[in-house]
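Treat the numbers as computed from the prediction; the structure is a model and nothing was measured.
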Amino acid sequence: MNQTTAMALAVLLAVAVISFFINLYNKLVMMKFNVEKAYSNIDVVLKQRADEIPNLVSVAKHFMNYEKEILTRLTELRTSYHNASGSNQKTGLANETSRALKSFFAVSENYPELKSNNNFLELQKRISELENKIADRREFFNDSVNLYNIGIHEFPNVIFAKMFGYKDKTLLEIPNSEKQYDGVQF
């Protein structure tokens, strides 16, 4: 093999290796931005839900004198959500808010005068609609997060993911109450 052929093979090998790493990096970037896009789509609805919580708490305070802990927790979660900076933190708070709202609506069953209040019924309907939108968008978000998390743990992606500071993302959970049907846990 002459020197020109060896040099050409070395250049081709170098181009192939560089192309491989460029494609790998671009895949990581694409997965990251897909997760961010999916989260931005769900964040709009989560913010709308968080904005409804003060109205719900205000109406409920007049009727639920003994349930201040739940009302306080909802208010704290709303404030924390608005002050959260990253999608992982916001996702955790959204999961907690879902659980707190389920508890709130379950406890509200004990207050017939609250359940018959028109303002409360409208707020409950609005939050239920927002919860349905969240459920619709949760599937796409969780699929994007799952692909991202798998992608940053595959070899050789894991090497570059660690080098560039890619970290696991948090899934938007389904509350246990949504996993039950007639008392049967799925």
Side-chain angles (χ1 to χ4, degrees), residues 9-53 73-106 126-186:
L9 285 175
V11 168
L12 285 175
L13 182 62
V15 167
V17 168
I18 290 170
S19 294
F20 172 77
F21 288 120
I22 288 171
N23 286 334
L24 183 73
Y25 177 78
N26 288 339
K27 179 183 173 188
L28 290 171
V29 169
M30 179 195 65
M31 289 185 307
K32 176 184 174 192
F33 284 113
N34 279 342
V35 169
E36 289 174 5
K37 179 184 115 188
Y39 192 79
S40 293
N41 289 339
I42 203 168
D43 189 41
V44 170
V45 183
L46 291 171
K47 184 178 179 328
Q48 289 173 347
R49 180 181 70 178
D51 289 345
E52 291 294 338
I53 289 174
R73 183 68 184 140
L74 280 171
T75 303
E76 289 170 353
L77 287 168
R78 177 194 181 269
T79 302
S80 296
Y81 183 83
H82 282 300
N83 293 331
S85 56
S87 63
N88 278 351
Q89 187 180 16
K90 283 185 172 186
T91 300
L93 290 166
N95 289 335
E96 284 184 57
T97 301
S98 291
R99 287 188 289 274
L101 281 169
K102 295 287 181 196
S103 296
F104 171 78
F105 286 123
R126 171 80 174 129
I127 289 174
S128 293
E129 289 170 358
L130 292 171
E131 290 293 331
N132 289 335
K133 286 181 182 180
I134 291 167
D136 289 342
R137 294 179 184 185
R138 178 175 45 217
E139 182 179 358
F140 179 70
F141 173 73
N142 283 345
D143 284 344
S144 297
V145 168
N146 190 48
L147 289 173
Y148 169 86
N149 287 342
I150 290 169
I152 66 170
H153 288 283
E154 290 178 329
F155 185 81
N157 299 8
V158 68
I159 297 166
F160 290 98
K162 287 188 190 275
M163 279 179 25
F164 294 115
Y166 286 73
K167 295 187 182 343
D168 283 339
K169 300 285 185 182
T170 305
L171 295 171
L172 196 60
E173 295 174 356
I174 298 172
N176 284 336
S177 60
E178 289 182 31
K179 296 178 191 176
Q180 293 183 359
Y181 180 74
D182 288 337
V184 178
Q185 179 82 23
F186 291 103

Checklist entry - If you measure from CG on N149 to NZ on K169, what distance do you get to the nearest 0.5 Å? => result 9.0 Å
Checklist entry - Can you check whether L171's main-chain N or O pairs, donor with acceptor, with N142's side chain at less than 3.5 Å? => result no
Checklist entry - What distance do F141 atom CZ and E36 atom CD have between them, rounded to the nearest 0.5 Å? => result 10.5 Å
Next on the checklist: Enumerate the salt bridge (Lys or Arg N to Asp or Glu O under 4.0 Å) contacts for residues 139-165, please, sequence neighbours excluded, ordered by first and then second residue.
Outcome noted: K27-E154
Item to check | Gap between atom OG of S98 and atom CG of L46 - 0.5 Å precision | outcome: 7.5 Å
Checklist entry - From K133 NZ over to N41 CG, what is the distance, rounded to the nearest 0.5 angstrom? => result 12.5 Å
Next on the checklist: F105 vs I127, test: side-chain contact (heavy atoms from CB on, under 4.5 Å). Steps then yes/no.
Outcome noted: CA-CA 11 Å; F105 286 123; I127 289 174; 4.1 Å; yes
Item to check | Given E52, E131, R49, the one that forms side-chain contact (heavy atoms from CB on, under 4.5 Å) with R126 | outcome: E52
Next on the checklist: Test your reading of the model: is there a side-chain donor-acceptor pair from N157 to the backbone of I150, 3.5 Å cut-off?
Outcome noted: no
Item to check | Inter-residue atom distance L24.CG - S19.OG, 0.5 Å rounding | outcome: 12.0 Å
Checklist entry - So Y166 and Y148, would you call those rings parallel, tilted or perpendicular, with 30° and 60° as cut-offs? => result tilted
Next on the checklist: Within the 4.5 Å heavy-atom criterion, are I53 and L77 side-chain neighbours or not?
Outcome noted: no
Next on the checklist: Contact between R78 and L74 at the side-chain level, heavy atoms closer than 4.5 Å - yes or no?
Outcome noted: no
Checklist entry - Does some side-chain heavy atom of I152 sit less than 4.5 Å from a side-chain heavy atom of K32? => result no
Checklist entry - Which residues satisfy the side chain to side chain contact (heavy atoms under 4.5 Å, CB included) test with L147, sequence neighbours excluded? => result none
Item to check | D51/K47 salt bridge by N-O under 4.0 Å criterion | outcome: yes
Checklist entry - With the threshold set at 4.0 Å, does a side-chain nitrogen-carboxylate oxygen contact exist between E76 and R73? => result yes
Next on the checklist: Could you go through R137 and L172, starting from their C-alpha distance and side-chain angles, then the distance that decides it, and tell me whether this counts as side-chain contact (heavy atoms from CB on, under 4.5 Å)?
Outcome noted: CA-CA 10 Å; R137 294 179 184 185; L172 196 60; over 6 Å; no
Checklist entry - Closest approach of A50 and H82, non-hydrogen atoms and distance? => result CB-NE2, 3.9 Å
Checklist entry - What heavy-atom pair brings I134 and V45 nearest, and what distance separates the two atoms? => result CG1-CG1, 3.5 Å
Checklist entry - How many angstroms lie between CG in L93 and OG1 in T170, if you round to the nearest 0.5 Å? => result 10.5 Å
Checklist entry - Are F160 and L28 side-chain neighbours, meaning at least one heavy-atom pair lies under 4.5 Å? => result yes
Item to check | Flag, side chain of D43 to backbone of Y39, donor-acceptor distance under 3.5 Å | outcome: no
